[in-house]
Number of protein chains: 2
Amino acid sequence: MAPRAGIDVDTVLQKAVEIIDRDGYEDLSIGKLAKALSIRPPSLYNHIGGLSELKQRLAVLGCGKLYEQMIRAAVGLSGDDAVYALSLAYVYFARQHRGLYEATFRAPYLHAPDLKEAQEKVVQIVVQVLAVYELDEETTLHMVRGLRSMLHGFTSIEQTGGFGLPLNLDESFHMMIKTFLKGLPIKK
Amino acid sequence: MAPRAGIDVDTVLQKAVEIIDRDGYEDLSIGKLAKALSIRPPSLYNHIGGLSELKQRLAVLGCGKLYEQMIRAAVGLSGDDAVYALSLAYVYFARQHRGLYEATFRAPYLHAPDLKEAQEKVVQIVVQVLAVYELDEETTLHMVRGLRSMLHGFTSIEQTGGFGLPLNLDESFHMMIKTFLKGLPIKK
DNA sequence: ATATAATAACTAATGATATTAGTTATTACA
DNA sequence: TGTAATAACTAATATCATTAGTTATTATAT
């Protein structure tokens with residue numbers, strides 16, 4: 001029998017991230033992952049409960065990483081600068097980790113507390129960044145939803161090749177955010 | 001041997017839509033579909049090439065249905081009214097057919113001509129509806145991308161339960177569109 | 001009406017996947 | 001050093017998608 005490969009759940013997750021980022025989310029399987037870790041498929045069950053749990057963990061991990069990227073980008077900035085920085089961080093994260101980004105929207109257990117918590121942290125930065133605009137409190141929250149919709153929508157369509165027109169993507173993205181910011185219902 | 005069940009590819013697709021709309025996209029399987037049609041699983045291969053082809057057809061069908069709903073809603077309207085109507089149609093379609101909507105983003109063959117064509121028709125309505133605003137031609141196309149991002153993003157987040165705050169969803173949606181329209185870079 | 005062709009149903013089999021059960025060897029700990 | 005824990009293994013199981021081949025139903029030609 002082989003000596004222990006020194007695998008733990010983090011190793012498993014890292015390798016899973018490599019696979020989905022390189023080959024696509026749909027390509028992840030217990031067999032492929034085990035092979036990448038040089039162990040037999042059933043051995044993986046020593047570290048994770050199964051494929052669903054793995055996907056769930058990837059979703060939580062993805063949200064956490066996204067959050068880190070966003071918060072790093074927005075530090076020290078405010079107003080439009082912060083919104084642009086945070087939005088760019090969002091899109092760049094998704095481009096850099098397309099599999100992991102996709103995982104954030106493919107969690108098998110949508111109501112799991114740790115997932116909710118990770119998602120809420122992402123929401124919270126958006127709230128903070130929009131809070132400096134002179135909006136009603138409730139309006140701010142509506143606008144948070146708006147901005148998040150734009151970020152995710154743009155990313156998702158981009159990832160599925162849905163922007164076919166010969167038009168610069170970064171420019172589209174920038175103009176979209178600009179248009180939204182310009183239209184914010186600032187209190188007078 | 002059973003008499004012919006009178007099945008054709010349209011019957012198969014309709015039943016598949018029923019299943020994914022009711023049980024969720026991930027629940028679709030050859031076995032489940034065959035059972036719903038009262039035939040044996042291999043018999044399905046007389047009508048469709050396999051699960052991938054089925055999913056591809058669902059994606060194309062979904063885009064077509066979405067297009068019909070959008071165009072129906074926008075007929076006879078222009079400007080902001082058209083945008084709102086078309087946007088509402090989008091979201092309502094997705095709410096009514098959540099599985100079919102999801103299928104539109106889960107096509108196995110992203111570059112298939114019929115899928116591209118169906119997607120482009122959807123894009124074309126958005127282009128038409130935004131064309132009446134006094135924007136540069138190129139800016140219009142950027143804004144088309146923006147609006148599509150918002151529509152899809154909102155829908156996708158909504159479908160995965162990502163809007164957790166106690167805040168009216170329809171109001172968020174309406175305000176998002178309003179904010180975007182208000183910010184459109186109209187030529188002066 | 002009859003014979004032939006086409007085809008949609010079936011069964012059996014295959015390969016792949018995720019998972020469970022049980023065994024064994026490695027490692028950790030007392 | 002001996003025992004317990006655990007991570008590796010193999011074997012088996014259940015499920016799924018698909019292929020291959022057979023059979024019966026239906027369509028078509030005469």
Side-chain angles (χ1 to χ4, degrees), chain A residues 1-61 99 102-103 106-110 112, chain B residues 1-61 99 102-103 106-110 112:
Chain A
M1 191 181 294
R4 296 186 181 196
I7 288 165
D8 60 11
V9 66
D10 288 334
T11 318
V12 173
L13 284 177
Q14 281 319 298
K15 186 61 71 174
V17 170
E18 280 174 37
I19 290 170
I20 59 177
D21 279 349
R22 189 189 62 224
D23 300 333
Y25 186 81
E26 302 283 356
D27 236 40
L28 183 61
S29 70
I30 292 286
K32 187 163 190 170
L33 183 52
K35 186 162 189 172
L37 292 163
S38 305
I39 58 172
R40 293 284 178 255
S43 304
L44 270 176
Y45 294 85
N46 289 309
H47 306 285
I48 54 169
L51 194 55
S52 289
E53 187 192 310
L54 177 63
K55 286 176 175 175
Q56 187 70 14
R57 283 179 178 273
L58 285 170
V60 175
L61 179 67
E102 189 172 350
R106 302 281 293 276
Y109 311 109
L110 294 179
Chain B
M1 189 180 297
R4 296 186 180 193
I7 288 165
D8 59 12
V9 66
D10 288 334
T11 317
V12 174
L13 284 177
Q14 282 319 299
K15 188 61 71 174
V17 170
E18 281 174 34
I19 290 170
I20 58 176
D21 279 349
R22 190 189 62 222
D23 300 334
Y25 187 81
E26 302 283 357
D27 237 39
L28 184 63
S29 70
I30 292 287
K32 188 164 189 169
L33 184 53
K35 187 162 191 175
L37 292 163
S38 306
I39 57 173
R40 291 286 179 256
S43 305
L44 270 177
Y45 294 84
N46 289 310
H47 306 284
I48 56 168
L51 194 54
S52 289
E53 188 193 309
L54 176 62
K55 286 176 174 176
Q56 188 69 14
R57 284 178 178 270
L58 285 170
V60 175
L61 179 67
E102 190 173 347
R106 300 284 290 276
Y109 312 107
L110 294 178

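Keep in mind it's a predicted model, so treat the numbers as computed, not measured. All values below come from the heavy atoms of this structure, side chains included, with hydrogens, waters and symmetry mates left out. Chain letters run A, B, ... following the sequence lines, proteins first, then strands; residues in each count from 1.
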- Message: Between Glu102(B) and Ile20(B), is the side-chain contact (heavy atoms from CB on, under 4.5 Å) condition met? List the steps.
- Response: CA-CA 9 Å; Glu102(B) 190 173 347; Ile20(B) 58 176; over 6 Å; no
- side-chain contact (heavy atoms from CB on, under 4.5 Å) between Tyr109(B) and Lys55(B), worked out: CA-CA 9 Å; Tyr109(B) 312 107; Lys55(B) 286 176 174 176; over 6 Å; no
- Message: The test is side-chain contact (heavy atoms from CB on, under 4.5 Å); show your working for Lys32(B) and Asp23(B) and say whether it passes.
- Response: CA-CA 11 Å; Lys32(B) 188 164 189 169; Asp23(B) 300 334; 2.8 Å; yes
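A distance of 9.5 Å separates NZ in Lys35(B) from CZ in Arg40(B), rounded to the nearest 0.5 Å. The distance from atom NE2 of His47(A) to atom CG of Asp10(A), rounded to the nearest 0.5 Å, is 11.5 Å. Rounded to the nearest 0.5 Å, atoms CZ (Arg106(B)) and CZ (Arg106(A)) are 3.0 Å apart.
At the phosphate of dA8(D), OP1 or OP2 sits under 4.0 Å from a side-chain N or O atom of His47(A). Between Ser43(A) and dC9(D) there is a side-chain polar atom (N or O) within less than 4.0 angstrom of OP1 or OP2.
Taking atom CG of residue Leu51(B) and atom C1' of nucleotide dC16(D), one finds them 10 Å apart after rounding to whole Å. Distance, Tyr45(B) OH to dA13(C) C1': 14 Å, rounded to whole Å.
A donor-acceptor contact closer than 3.5 angstrom is absent between the side chains of Ser43(B) and Asn46(B).
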- Query: With the sugar-phosphate defined as primed atoms, P, OP1 and OP2, and the base as all remaining atoms, what B/S/- string results for nucleotides 21-30 of chain C, 5' to 3', for protein heavy atoms under 4.0 Å?
  - Reply: B--BBBS---
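Within 4.0 Å of Gly49(A), counting heavy atoms only, lies no atom of the nucleic acid at all.
Of the residues in residues 21-40 of chain B, those lying under 4.0 Å from DNA chain D by heavy-atom distance are Ser29(B), Ile30(B), Gly31(B).
Put simply, the residue from Leu33(B), Leu58(B), Ile48(B) that forms a side-chain contact (heavy atoms from CB on, under 4.5 Å) with Leu13(B) is Leu58(B).
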